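Comments concern the structure below.
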Amino acid sequence: MTIDNQAGKKLSDMPDESGHFGQYGGIFVPETLMEPLNELKQAYIHYFQDAEFLAELDSDLANYVGRPSPLYFAERWSRELGGAKIYLKREDLNHTGAHKVNNTVGQMLLAKRMGKTRIIAETGAGQHGVATATVAARLGLECVVYMGAEDIQRQSLNVYRMKLLGARVVSVESGSRTLKDALNEAMRDWVTNIDNTFYIIGTAAGPHPYPAMVRDFQAVIGREAKQQIMAHEGRLPDALVACIGGGSNAIGLFYPFVDDMDVSMYGVEAAGHGLETGEHAAPLCAGKPGVLHGNRTYLMEDRHGQIIPTHSVSAGLDYPGVGPEHSWLKDIGRANYVSVTDDEALKGFHDLTLTEGIMPALESSHAIAYVTKLAPTMDKEQIIIMNLSGRGDKDIHTVATIDGIEF
Amino acid sequence: MSRIKSCFAQLKENNKKALVPYVAAGDPNPEITLDLMHAMVKSGADIIELGVPFSDPMADGPVIQKASERALIYGTSLIDVLDIIKSFRETNNETPVVLMGYLNPIEVLGYENFAEAAHQAGVDGVLTVDIPPEEAQSYIPALRKFDLDPIFLLSPTTTKERMKLICQYASGFIYYVAVKGVTGTSALDTDEVAQRLEIIKEVTDLPVGVGFGIKNAETAAAIGRVAEAVVVGSALVSLVEHNAHAYSNAEGNEKIIKEISQVLLSMRSALDAYTHDT
Ligand SMILES: Cc1ncc(COP(=O)(O)O)c(C=O)c1O
């Protein structure tokens, strides 16, 4: 692999000061948000060098989230696939059941230090909404979660969880009434209430500093995985695999390995009904660069630049954009982006449940489906680390409905 | 001299302020827009701001969001909007037209291609809500190359230092967003706007337009006392919404045009009366 390293810069040095990963990222927002984003950037830079802040973050991650999460050798599954040894990074065991909470715990600590009293978030599957409502409850802060009307229908269990946690869930009726519209609505709220409000974005997307900041909060996944694989195997893995919605669990795993050029990285997008049908959520595999939600990145758009509807069986991957760092890693050839269909992901869900007794989220099931293809092409001595980004409890209803089962 | 520049020069000479209506192109159907533009000029509009429909209008409140959605039902694209302006120019060569929209439809065309097409269609200024000057290193030169004025927003959160930066790149006029919030917000505070405008005037000689939250003739007149231009958007677009039952027929279009014209006429006379007082 040949990658131009400019003047001794490491890949992990990105983004640049203005939030660019090559041509991607940046800050594309209405003027009213420029100053609040600048304040956020200053706070992020300051507190990531502040020992007290980092100690509080570590303590919360250990005692509230339950970190470190195990790196589990999926022995039976590896044997069945007959190739590489597969390790699962068990983010599903975190408090609230997914990696999302690593980020909300971190951003909430920043919100507290910045003196913000009101928290807002967007959510698709409801996982990020739940993780946000959870940390807001813990601090007793007002919390408003924007969720597309379509998603409220699909994810009623998580809507109720958020309400139990004291959050107000606002149904977004505009546009396609899904995650992208919830993000627009959260931005509109933020523009209107910037004085007291902190916007916790749930993935490594949005305007700078969000992509870098969310990555840095999620990078605990990769840092732990690196230590753990050294302890288990005494060497780095050959490949990393993670699913990609906005890209936060993937970049969290990838980032601490990005300068280790012998470690291959695979991000798995949702091919939905198949890339050829147009009904998917795979901007890196089948989209084009454009500007949405504050950054330049790969998008799903029509020839006039309008954002087009997406489809995935998993609500958490149902997003027409992707974090800008992934767009850059794709273009420079450092990471590979692939896709699996709804059907393949569903098979992955059942496979892992039956062979390892671990019921994965449908998002994570996309990574599983790709590992099922990748592992057999590798040697028995080779190692894959897959990010098991969340647990499947929230999806049991969806899976049952697809399997024709009614409760 | 650009149309925008000569428009403001002439207004100043006559001691008048610019009335700048905003409507979304293609709302509620593509047929209405050309007639509406001419009607607005007749009713006292000095500059027309034409919204380019976008699927994800992040800076807009519900009224203009829905306008975008209505226009997109007919697939009104940026190219379609330029075609409408081309037709407008067949009989009107004076009234400046400013496009207001989001970056992605422009990205798809490419900045230079877009700027050339816009120039040929007779566009005078371009206000792209989601591109701050920091990201505009190739966008601004592309507009300038084709004599288009890059219009930028200043907001209540813009520091004086940023104002300087932004005004350095802007031409035509400066657009001051009168409230923290999205388009269509109600609570505009005239005194506060006046104070902010004083600061803006220290930074730039460009004319300043004020928008977001101007709902009626009275507010328009009050703002006209302190700014060179008054931008009215949601108050007009909501008249389209109220005629929802009549969408996409000629009768409905006539009604919409009539109602918008009436509001503009009342704003025009309030604006003129008020500014002549001072
Ligand atoms: C379990 C799980 N994995 C993955 C995702 C996708 O998000 P990201 O790509 O930011 O990790 C989600 C989003 O809701 C999720 O709930």
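These figures come from a predicted structure and were not determined experimentally. Chain A is the first sequence line, chain B the second, and so forth, proteins listed ahead of strands; every chain is numbered from 1. Every heavy atom of this structure was used, including side-chain atoms; hydrogens, water molecules and symmetry mates were not.
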Search all heavy atoms of A:Gly278 against all heavy atoms of A:Met300 and return the closest pair with its distance.
->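 Distance-wise, the nearest heavy atoms are O-CE, 4.5 Å.
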
Closest non-hydrogen atom pair, A:Gln107 against A:Ile201 =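 Residues A:Gln107 and A:Ile201, closest heavy atoms: NE2-O, 3.1 Å.
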
Segment of [X] engaging chain B (4.5 angstrom heavy-atom cut-off):
| X | result |
| --- | --- |
| A:Ile307 | both |
| A:Leu299 | side chain |
| A:Ile194 | side chain |

Check: A:Asn193 side chain, A:Thr197 main-chain N or O, donor-acceptor pair, under 3.5 Å =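 The answer is no, because no donor-acceptor pair under 3.5 Å joins these two groups.
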
Winner by heavy-atom pair count (cut-off under 4.5 Å) against chain A, out of [options]:
| options | value |
| --- | --- |
| B:Glu69, B:Arg162, B:Glu135 | B:Glu135 |
| B:Asn104, B:Val182, B:Thr157 | B:Asn104 |
| B:Val177, B:Ile131, B:Thr158 | B:Thr158 |

With a 4.5 Å cut-off on heavy-atom pairs, point out which of [options] contacts chain B the most.
| options | result |
| --- | --- |
| A:His293, A:Glu185, A:His20 | A:His20 |
| A:Gln306, A:Met187, A:Glu301 | A:Gln306 |
| A:Glu35, A:Met34, A:Arg303 | A:Met34 |

B:Phe146 and B:His119 aromatic ring geometry - parallel, tilted or perpendicular at 30°/60° bounds |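 Ring orientation of B:His119 relative to B:Phe146: tilted.
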
For [X], is it the side chain, the backbone, both or neither that has a heavy atom under 4.5 Å from a heavy atom of chain A?
| X | value |
| --- | --- |
| B:Leu78 | neither |
| B:Asp60 | backbone |
| B:Ile166 | side chain |
| B:Pro57 | both |
| B:Leu72 | side chain |

Are the ring centres of A:His311 and A:His280 closer than 6.0 Å?
->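 They do not qualify: ring centres at least 6.0 Å apart.
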
Kindly say whether the aromatic ring centers of B:Phe212 and B:Tyr176 come within a distance under 6.0 Å.
->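 Centroid separation for B:Phe212 and B:Tyr176: 6.0 Å or greater.
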
Under 3.5 Å, is there a donor-acceptor pair between the A:Thr310 and A:Tyr319 side chains?
->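 Their side chains do not contain a donor-acceptor pair, so the 3.5 Å distance test is not met.
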
Does one side chain, of A:Tyr199 or A:Glu122, offer a donor that lies under 3.5 Å from an acceptor on the other?
->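 Yes, a side-chain donor-acceptor pair sits under 3.5 Å.
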
Apply the test salt bridge (charged side-chain N to carboxylate O under 4.0 Å, His left out) to residues B:Glu161 and B:Lys164: give CA-CA distance (whole Å), side-chain angles for both, the deciding distance (0.1 Å), then the verdict.
-> CA-CA 5 Å; B:Glu161 214 165 296; B:Lys164 284 183 195 155; over 6 Å; no

